[in-house]
Enquirer: 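One structure follows; several queries about it will come next.
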Amino acid sequence: IRHFGYQLLDHYVKFKWSEASEVDKQEFKTLLINRMLEGGTLNLVEESTLIRNTLTNLVAEILKRDWPQQWLDFLSVVKRNVEQDNTAGEVLLSAMARLVEDIELDSKLTPARRSDLLRSVGLCKDQLVEMISCKLQCAVDKGDNQLSNPLLMTCLSALNLLSAASSMTWFHVRSLYDKSSHVCTILFLLLRNNTLRQSAADVLYNIAARKTTANDNLQFTNFMLHD
């Protein structure tokens, strides 16, 4: 029943969103976060993949239309839920990953809206990377034996977001390994984790495979040799 209801809402966002008033849109987003995600899902281990994927699609469709101008507190909502390793946090990270991919791949985005989203992601990039690195650091600190399933699933979604971003031509991967960032160091440490190893390796591969300037390549090489 929930899956069918979420699909109807997804259809509404895709085809009727432009006709809704700003008041109705805001109320919809409030209900989505408070009732459907934070208050309407099971814990992360028990919630079905089907429900999580459907909610991910729903959030991503709204992001493509409203974020950030009409959804100013979205990143604070993401941070709050990611810190709790709950279903809402995993869904919101997955929705951000979907948005990052669709900026480049969704042919229905207008050039103006695509440029707006690119600029918005660029402005919040450091905030997102910091949030993800803090979560991944928790996994490193706990190690394989003490890593809970909710934390593990949240980290997988965080790595998927990093993987999606690092594979996009517009994303400056240098921010993941320059002197001010510890992300790549954490990714190398996660190669020791049996469950997170592959996802961490995917991000590192995307960084190494990117066509960047000679200086950037040298910087990344020096980083790897140093670590």
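Every value quoted in this text rests on a predicted model; they were computed, and no experiment measured them.
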Enquirer: Is there a path of hydrophobic side-chain contacts, each under 4.5 Å between heavy atoms of I/L/V/M/F/W/Y residues, joining I207 to L190?
Expert: yes
Enquirer: May I have all residue pairs that pass salt bridge (Lys or Arg N to Asp or Glu O under 4.0 Å) and include part of residues 145-173, sequence neighbours excluded?
Expert: none
Enquirer: Any sub-3.5 Å donor-acceptor pair from R119's side-chain atoms to R114's backbone N or O?
Expert: no
Enquirer: Taking the side chain from T87 and the backbone from L42, do they hold a donor-acceptor pair closer than 3.5 Å?
Expert: yes
Enquirer: Side-chain heavy atoms nearer than 4.5 Å, only ILVMFWY residues, links allowed to pass through others: does that put L191 and V173 together?
Expert: yes
Enquirer: Any pair with a residue in residues 133-147 that passes salt bridge (Lys or Arg N to Asp or Glu O under 4.0 Å), sequence neighbours left out, goes on the list, sorted by first then second residue, please.
Expert: D85-K135
Enquirer: With the side chain counted from C-beta on, respond yes when L44 and N149 share a heavy-atom pair under 4.5 Å apart, and no when they do not.
Expert: no
Enquirer: Any pair with a residue in residues 44-59 that passes salt bridge (Lys or Arg N to Asp or Glu O under 4.0 Å), sequence neighbours left out, goes on the list, sorted by first then second residue, please.
Expert: R2-E47, R52-E90
Enquirer: Side chains of residues 12-19: which donor-acceptor pairs under 3.5 Å do they make with residues two or more places apart or in other chains?
Expert:
residue, atom, partner, partner atom, Å
K14, NZ, D10, OD2, 3.1
W17, NE1, D66, OD1, 3.0

Enquirer: Going by distance alone, is a donor N or O of one side chain under 3.5 Å from an acceptor N or O of the other, for N86 and E38?
Expert: no
Enquirer: With a 4.5 Å cut-off on side-chain heavy atoms, are L162 and I132 touching?
Expert: yes
Enquirer: Whether the T54 and Q7 side chains hold a donor-acceptor pair (N or O, under 3.5 Å, no angle test) is what I'd like checked.
Expert: no
Enquirer: My understanding is that a hydrophobic cluster links ILVMFWY residues whose side chain heavy atoms are under 4.5 Å apart, including indirect links. Using that, what else belongs to the cluster containing L8?
Expert: F4
Enquirer: Run the salt bridge (charged side-chain N to carboxylate O under 4.0 Å, His left out) test against R35 and tell me which residues pass, sequence neighbours left out.
Expert: none
Enquirer: If Ile, Leu, Val, Met, Phe, Trp and Tyr residues are connected whenever their side-chain heavy atoms lie under 4.5 Å apart, and connections chain through other members, are L159 and M153 in the same group?
Expert: no
Enquirer: When you check the side-chain N and O atoms of D24 and S21, is any donor under 3.5 Å from an acceptor?
Expert: yes
Enquirer: For atom NZ of K125, is the number of surrounding heavy atoms from other residues, nucleotides or ligands below 6.0 Å larger than 12?
Expert: yes
Enquirer: For a side-chain contact (heavy atoms from CB on, under 4.5 Å) with L99, tell me which candidate from L161, L117, I62 qualifies.
Expert: L117
